[in-house]
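Notes follow the structure.
Source: prediction; values computed, not measured.
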There are 2 protein chains.
Amino acid sequence: MNKNQKRSDCPISSSLDIWGDKWSLLIVRDLMDSRQCTYGDFLKSPEKIATNILASRLQSLEEFEIIEKTEHPDSKRKMFYKLTPKGVNMVPIMIEITAWADKYSTIPKERKAMLKEYKKDKEGFIKTAIKELKKV
Amino acid sequence: MNKNQKRSDCPISSSLDIWGDKWSLLIVRDLMDSRQCTYGDFLKSPEKIATNILASRLQSLEEFEIIEKTEHPDSKRKMFYKLTPKGVNMVPIMIEITAWADKYSTIPKERKAMLKEYKKDKEGFIKTAIKELKKV
DNA sequence: ATATTTGCTTGCAATTTGCAAGTGCAAACA
DNA sequence: TGTTTGCACTTGCAAATTGCAAGCAAATAT
């Protein structure tokens, strides 16, 4: 990812400069699903990201302050990755992507159930989700 | 873009399989701003997409039924690209990306004004925007 | 008839990806 | 007290994708 130059001042373009690739949002997704993940946790995801790509994306997301590294309580060797507030605030984007995908393809039933709750009270749902993610 | 295989059944992942790159959403953006664009119009955008990348992205977005080609009324040589309903329904995603970018960077004042309207009545704003895009 | 515009395609170098294997270090084990 | 194991990466390299420049063919303008 090219941290140095924005292609334009368009917000879509500058967002894509940060996470416009096939992998970054999957890391964000994993962290929204699990709140904190180790390097190995990301590797377990069904999309099977390569280890070098994962390392480079984690670094870039950290540089853009979407995620942050913290020490794992169990061992000094292990690291926990988690979302920063900037990352947590991507919740509405992620939900709207999910809602869009739901219209045009089959999505897992847990996601569908989540959307059902979301649609009952969008603002409330997002507020709760964000608060939950900011807790730990 | 790889139209052949989904990496997983996760809605984020399958969405990224369609438009997870640095350019596709900029094409969608241009079409949301202008409703219909020619090949040359896309080239005029500030991010300066290369002609071969543009051609390949237009083809892939067409295959995924996000956009469609229509004849230009003026000439047989010219083509108009526009969003399909599937593309139009990406409006909430695009707005939430814009809102997120607005929190962490400086965005053009027209976009900021748009967000202000959006925040007054999110549902209403989106409904109107979608209706407007579906008109032509 | 000739020139120009439009929507691409082609060629090629540079960058990025994806896969496999390797490395270094903490912690567990013997 | 070695030795092994597991975890978090790094490295090497082939393959794919990107980005730039140039080319090209059909339609339109002159």
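Following rounding to the nearest Å, A:I49 (CD1) and D:dC9 (P) show an atom-to-atom distance of 13 Å. If you measure from atom CD of A:E71 to atom C1' of C:dC25, you get 14 Å, rounded to the nearest angstrom. Taking atom NZ of A:K22 as the reference point, atom C1' of C:dT17 lies 12 Å away to the nearest angstrom. If you take CG of B:D21 and C1' of D:dG19, they are 14 Å apart, rounded to a whole angstrom. One atom, NZ of A:K69, and another, C1' of D:dA8, lie 9 Å apart when rounded to the nearest Å. A straight line from CD of B:E47 to C1' of D:dG19 spans 15 Å, rounded to a whole angstrom. In this entry the distance linking CG of A:L54 with P of C:dG18 reads 12 Å, nearest Å.
Between D:dG19 and B:R57, no contact under 4.0 Å exists linking OP1 or OP2 to a side-chain N or O. Using a 4.0 Å cut-off, some side-chain N or O of A:W23 falls inside it from OP1 or OP2 of C:dG18.
Distance check, rounded to the nearest 0.5 Å: CZ of B:R111 to CD1 of B:I95 gives 10.5 Å.
The side-chain hydrogen bond (donor to acceptor under 3.5 Å, both in side chains) test applied to B:K120 returns B:E117, not counting sequence neighbours. For A:E110, there are no salt bridge (Lys or Arg N to Asp or Glu O under 4.0 Å) partners, not counting sequence neighbours. With sequence neighbours left out, the side-chain hydrogen bond (donor to acceptor under 3.5 Å, both in side chains) criterion links A:Y39 to no other residue.
Residue A:Q59 is tested with A:E62, A:R57, A:E63 for a side-chain hydrogen bond (donor to acceptor under 3.5 Å, both in side chains); the sole match is A:E63.
Computed from C1' positions of five pairs at each end, the angle between the two local axes of the helix from C:dA1-D:dT30 to C:dA30-D:dT1 equals 0°, rounded to 10 degrees.
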**Report entry** Per-nucleotide protein contact string for nucleotides 20-30 of chain D, where B marks a base within reach and S marks sugar-phosphate only (heavy atoms under 4.0 Å, - for neither)
**Finding:** BBB--BBSS--
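For residues 37-44 of chain A, proximity to DNA chain D is found at A:T38, A:Y39, A:G40, defined as any non-hydrogen atom under 4.0 angstrom from a strand atom.
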